[in-house]
Novice: 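Please read through the structure below; I'll follow up with questions.
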Amino acid sequence: MSERAIFDSLKDLPLPEVRFYPETGSTNQDALDWAAQGAPDLALIVADHQTAGRGRLGRSWFTPPGAALAFSLILRPALPQPDLLPLYSPLGALSVAMVLEQIYALQPLIKWPNDVLLNQRKVCGVLAESLWQGNGLQAVVLGIGINVAPASVPPPDQVLFPATCVEDAVGTTVNRWHLLAEVLKTVIHWRDLLTTPSFLTGWQQRLAFKGEKVRLENPGGETFEGILLGINPFGHLRLKMNDDSEQTFTVGDLKLRPLS
């Protein structure tokens, strides 16, 4: 699809500036650099191919040309609240999940805190990064990667969690740029609703592995096992431990895996 078609798909959205790159290293890095140079709220970077895409915990993100969506949206909160930062990755995940439901009649789930699953396989990852000036939050860069066509699914030996793509789920070709526009529209709708009960409810309703036993692991190898109860208003995960106590866990460097 031509670059003109991409911009046409986004023309009805309130995006002050869009930059499209046929190839780049990382859209998130590009967006952080642009934000530091004064990019406005809702400025967008889209790439057809990422050579150094990244996910949480320093992992790489596979983005071959012509098969996936890789984009980063610059958000400048009107009232910067650092305590809300853990909610920006779920903002992206919830937006993608809702579009997959509404447009493609799929049943996605959100693996805390930032992945979207279809049939227990990862179809989307979200990475929110922040730009600071001293102690002041200047911007949040919301990076989203979506596996659209089969070529976007990385080989099994290159992933820590099984992967899939949207086209395999729907059984037909998907217009990447229409999907992009719908996800952005949904992000823009929900961005000012992060502290509302409706945002938390939307996330809870789609939370993967709720009521199931899961394991959390930190970089030091320490593990925690319990029943996944849900999330609290700050985006922290609630687990019922083996002694029936409840503990909450912040995002940090934790990895979540189901035990069943």
Side-chain angles (χ1 to χ4, degrees), residues 55-59 61-62 85-102 104-128 142-147 152-154 156 158-166 168-170 183 186 190 194 197-260:
R56 283 186 69 234
L57 311 183
R59 300 174 186 139
W61 184 262
F62 183 68
L85 287 176
L87 300 180
Y88 280 93
S89 285
L91 165 64
L94 178 61
S95 298
V96 171
M98 295 185 77
V99 169
L100 294 178
E101 290 171 1
Q102 295 165 3
Y104 303 104
L106 299 174
Q107 295 181 312
L109 294 173
I110 299 170
K111 184 171 80 70
W112 182 85
N114 65 324
D115 293 337
V116 180
L117 308 181
L118 287 173
N119 301 317
Q120 303 296 314
R121 293 177 173 269
K122 184 172 176 177
V123 72
C124 166
V126 182
L127 178 64
L142 184 61
I144 299 178
I146 305 174
N147 299 335
S152 67
V153 180
Q158 294 183 19
V159 296
L160 297 175
F161 197 90
T164 188
C165 67
V166 179
D168 279 350
V170 299
V183 170
T186 310
W190 283 103
L194 295 183
S198 57
F199 177 80
L200 185 63
T201 298
W203 186 8
Q204 295 265 31
Q205 288 174 341
R206 298 166 178 83
L207 191 63
F209 314 122
K210 189 162 57 176
E212 299 178 23
K213 194 163 189 177
V214 299
R215 174 186 291 122
L216 298 179
E217 181 179 337
N218 64 25
E222 187 178 14
T223 61
F224 308 89
E225 294 184 2
I227 303 297
L228 198 158
L229 299 176
I231 46 177
N232 71 15
F234 301 102
H236 303 162
L237 193 71
R238 299 169 49 228
L239 287 190
K240 180 180 179 181
M241 312 307 288
N242 291 333
D243 62 2
D244 287 336
S245 66
E246 181 179 323
Q247 290 190 34
T248 59
F249 297 85
T250 58
V251 175
D253 293 335
L254 288 170
K255 294 188 295 186
L256 182 150
R257 292 290 182 271
L259 288 179
S260 55

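Because the structure is a prediction, the values reported are computed rather than measured.
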Novice: Starting at CG of D168, measure out to CZ of R121 and round the result to the nearest 0.5 Å.
Specialist: 9.5 Å
Novice: For the atom pair NZ (K122) and CG (N147), what is the distance rounded to the nearest 0.5 Å?
Specialist: 8.5 Å
Novice: Mind checking side-chain hydrogen bond (donor to acceptor under 3.5 Å, both in side chains) for T201 and listing every partner two or more places apart, or none if nothing turns up?
Specialist: none
Novice: Could you name each residue pair satisfying salt bridge (charged side-chain N to carboxylate O under 4.0 Å, His left out) that touches residues 90-99, not counting sequence neighbours?
Specialist: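 Salt bridge (charged side-chain N to carboxylate O under 4.0 Å, His left out) check on residues 90-99 returns no pairs.
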Novice: With a 4.5 Å heavy-atom cut-off, do R257 and F209 have their side chains touching?
Specialist: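 A side-chain contact is absent here, since even the closest heavy-atom pair is not under 4.5 Å.
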Novice: Check side-chain hydrogen bond (donor to acceptor under 3.5 Å, both in side chains) between E246 and all other residues, then give those that pass, not counting sequence neighbours.
Specialist: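 Testing E246 for side-chain hydrogen bond (donor to acceptor under 3.5 Å, both in side chains), a comparison that skips the adjacent residues, returns R238.
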Novice: Return the minimal non-hydrogen interatomic distance between S245 and D243, and the atom names on each side.
Specialist: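 Closest heavy-atom pair between S245 and D243: OG-OD1, 2.6 Å.
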Novice: Output the distance between atom CG (N218) and atom CZ (F249), rounded to the nearest 0.5 Å.
Specialist: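 Spacing of CG (N218) from CZ (F249) equals 9.5 Å.
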Novice: Go through V123 and L100 one step at a time and tell me if the side chain to side chain contact (heavy atoms under 4.5 Å, CB included) criterion holds.
Specialist: CA-CA 11 Å; V123 72; L100 294 178; 4.2 Å; yes
Novice: Once you round to the nearest 0.5 Å, how far does CG of L256 lie from CG of L239?
Specialist: 7.5 Å
Novice: Scan the side chains in residues 223-234 for donor-acceptor partners under 3.5 Å anywhere in the protein, sequence neighbours excluded, and list what turns up.
Specialist:
residue, atom, partner, partner atom, Å
E225, OE2, R215, NE, 3.1
E225, OE2, R215, NH2, 2.9
N232, OD1, F234, N, 2.9
N232, OD1, G235, N, 3.2
N232, OD1, H236, N, 3.0

Novice: Compare every heavy atom of L254 with every heavy atom of T250, then report the nearest pair and how far apart it is.
Specialist: O-CD1, 3.2 Å
Novice: Taking all heavy atoms of L216 and all of W112, pick out the closest pair and write down the distance.
Specialist: CD2-CZ3, 4.3 Å
Novice: Closest approach of C124 and I144, non-hydrogen atoms and distance?
Specialist: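 Taking C124 first and I144 second, the nearest heavy atoms are SG-CG2, 3.9 Å.
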Novice: Apply side-chain contact (heavy atoms from CB on, under 4.5 Å) to V153 and list each qualifying residue two or more places apart in sequence or on a separate chain.
Specialist: A163, C165
Novice: Going by the rule side-chain contact (heavy atoms from CB on, under 4.5 Å), which residues pair with D244 if we only count those two or more places apart in sequence or in a different chain?
Specialist: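 D244: side-chain contact (heavy atoms from CB on, under 4.5 Å) contacts with K240.
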Novice: For A128, check side-chain contact (heavy atoms from CB on, under 4.5 Å) against everything at least two apart and list the hits.
Specialist: Y88, S89, V140, L142
Novice: What pairs of residues pass the salt bridge (charged side-chain N to carboxylate O under 4.0 Å, His left out) test when at least one of them lies in residues 200-211, not counting sequence neighbours?
Specialist: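 Qualifying pairs: E101-R206.
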Novice: What's the separation between atom CG in L117 and atom CZ in F161, rounded to the nearest 0.5 Å?
Specialist: 5.0 Å
Novice: Give, for atom CG of L109 and atom CD of Q205, the distance between the pair rounded to the nearest 0.5 Å.
Specialist: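 If we round to the nearest 0.5 Å, L109:CG and Q205:CD are 11.5 Å apart.
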